[in-house]
Amino acid sequence: MSQSPIELKGSNFTLSVVHLHSDQPEIILQALQEKVEQAPDFLKNAPVVINISALPADADLKALHHAIDSAGFRIVGISGCRDEQQRRAVIKASLPLLSEGKKQKVSATENKPAEPEIKKTRIINSPVRSGQRIYAQGSDLIVTSNVSAGAELIADGNIHIYGMMRGRALAGASGDQECLVFCTHLNAELISIAGQYWLGDKIPTELAGKAAKLSLVNNELTIEPLI
């Protein structure tokens, strides 16, 4: 029997979620263009999920899709539908609909605590070169060597860099806002935690090249010396 020309497999990808708080396409277009101008290498043609939970049910999704596409983003799914009317509007606009899923009911007889899932921290001991992308899925990432400009570190957990950091670091990639970034020599192109990011010029000059810790406080990136 000849082998099938296709094969379907499950996989995991790191995607940014754009939460829309306006249903005016021109406002959305301008806001997204400003974001792309801040980090064109990171955001241009980026695949994104669009969350529409804050939009009215009669929002013009086709017009919003055109605005988002014009800004240089590629929609891979729509999330946050609150009711059937929104679901029908998404389908009518020919956009992919992502299910939020439903919480499973826990039986009263099931009182045995679930064993915590333990995932091994990913450790990289060699230099991370320009163009390389390293992803620690479901765990922390530790890099004990230098990270060149143009390299990218991604982790669902915390990120620790014990060499010179000149690339991009994206912690909390799955949305965990309690994640941290630790760096002993901070000269990053971009730092992100749970989708909130700074470009390199946002890093205070007094901490450039120094040891620092970055975290999210009230959904805003903050930085402090690492003593």
Side-chain angles (χ1 to χ4, degrees), residues 12-19 31-32 34-49 51 73 116-227:
N12 293 307
F13 295 91
T14 302
L15 296 171
S16 297
V17 180
V18 179
H19 292 257
L32 291 176
E34 291 174 355
K35 289 290 186 182
V36 172
E37 288 173 1
Q38 293 172 5
D41 293 337
F42 178 61
L43 295 176
K44 189 175 182 180
N45 294 318
V48 294
V49 174
N51 185 291
F73 291 85
E117 182 179 2
I118 300 176
K119 291 198 175 185
K120 189 176 180 180
T121 298
R122 185 170 184 182
I123 301 176
I124 305 297
N125 293 314
S126 57
V128 185
R129 307 297 185 187
S130 178
Q132 281 188 278
R133 172 180 288 185
I134 295 175
Y135 176 33
Q137 181 180 351
S139 69
D140 290 355
L141 175 61
I142 296 176
V143 179
T144 62
S145 189
N146 296 332
V147 181
S148 299
E152 191 168 76
L153 308 178
I154 303 174
D156 289 334
N158 306 303
I159 295 180
H160 306 251
I161 306 112
Y162 297 117
M164 181 67 71
M165 175 57 184
R166 293 191 175 94
R168 299 187 290 269
L170 295 84
S174 60
D176 187 350
Q177 297 186 355
E178 296 183 357
C179 290
L180 304 171
V181 176
F182 302 90
C183 188
T184 56
H185 299 84
L186 182 61
N187 277 302
E189 295 175 314
L190 180 143
I191 297 287
S192 171
I193 299 178
Q196 300 295 324
Y197 68 90
W198 276 357
L199 297 179
D201 57 7
K202 189 73 179 290
I203 297 171
T205 54
E206 63 270 19
L207 290 177
K210 304 294 181 60
K213 177 182 75 173
L214 293 102
S215 60
L216 278 184
V217 177
N218 296 325
N219 206 35
E220 292 186 1
L221 270 175
T222 60
I223 187 170
E224 56 186 291
L226 186 60
I227 300 174

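This chain uses plain numbering: 1 for the first residue, then up along the sequence. Note that the coordinates shown come from a computational prediction; the quantities given were computed from them, not determined experimentally.
Distance check: Ser192 OG to Leu214 CG gives 10.5 Å after rounding to the nearest 0.5 Å. Here the OG1 atom belonging to Thr205 is positioned 9.5 Å from the NZ atom belonging to Lys210, to the nearest 0.5 angstrom. The distance from atom CZ of Arg168 to atom CZ of Arg133, rounded to the nearest 0.5 Å, is 7.5 Å. Distance check, rounded to the nearest 0.5 Å: CG of Leu216 to CG of Leu221 gives 5.0 Å. Met165 CE to Leu153 CG: the interatomic distance, rounded to the nearest 0.5 Å, is 5.0 Å.
Of all heavy-atom pairs spanning Ala171 and Val181, the tightest one is CB-CG2, 3.7 Å. Here the closest non-hydrogen pair linking Ser130 and Gly150 is OG-CA, 3.8 Å. Listed here is the closest heavy atom pair of Ile154 and Glu152: CD1-OE1, 3.5 Å. When all heavy atoms of Asn158 and Glu178 are compared, the closest pair comes out as OD1-O, 4.3 Å.
Looking at Thr184, its side chain never comes within 3.5 Å of a backbone N or O of Ala211 through a donor-acceptor pair. Side-chain atoms of Asp140 do not come within 3.5 Å of backbone N or O of Gly157 as any donor-acceptor pair. Under the 3.5 Å distance criterion, the side-chain polar atoms of Asp156 are matched with a main-chain donor or acceptor of Gly138. Of the possible donor and acceptor atoms, none in the side chain of Asn146 sits under 3.5 Å from a partner among the backbone N and O of Gly163. At least one donor-acceptor pair closer than 3.5 Å links the side chain of Arg122 to the backbone N or O of Tyr135.
Between the side chains of Thr222 and Ser215, at least one donor N or O sits under 3.5 Å from an acceptor N or O.
Across Ile161, Ile159, Leu226, Ile203, a single residue satisfies side chain to side chain contact (heavy atoms under 4.5 Å, CB included) together with Cys183, and that is Ile161. Checked options Ile142, Thr144, Val143; the residue passing with Ile124 is Val143 (criterion: side chain to side chain contact (heavy atoms under 4.5 Å, CB included)).
The neighbour count for Glu220 CD, taken as heavy atoms of other residues, nucleotides or ligands under 6.0 Å away, does not exceed 12. For CD of Glu224, the number of neighbouring non-hydrogen atoms (other residues, nucleotides, ligands) closer than 6.0 Å is greater than 12.
The ring-ring contact (aromatic ring centres under 6.0 Å, His included) analysis of residues 184-203, with sequence neighbours excluded, yields no pairs.
Between Ile223 and Leu186, the closest side-chain pair of non-hydrogen atoms falls below 4.5 Å. Within the 4.5 Å cutoff, no side-chain heavy atoms of Ser145 are placed close to those of Ser126.
Partners of Gln177 according to the side chain to side chain donor-acceptor pair (under 3.5 Å) rule, which considers only residues two or more places apart in sequence or in another chain, are Asn219.
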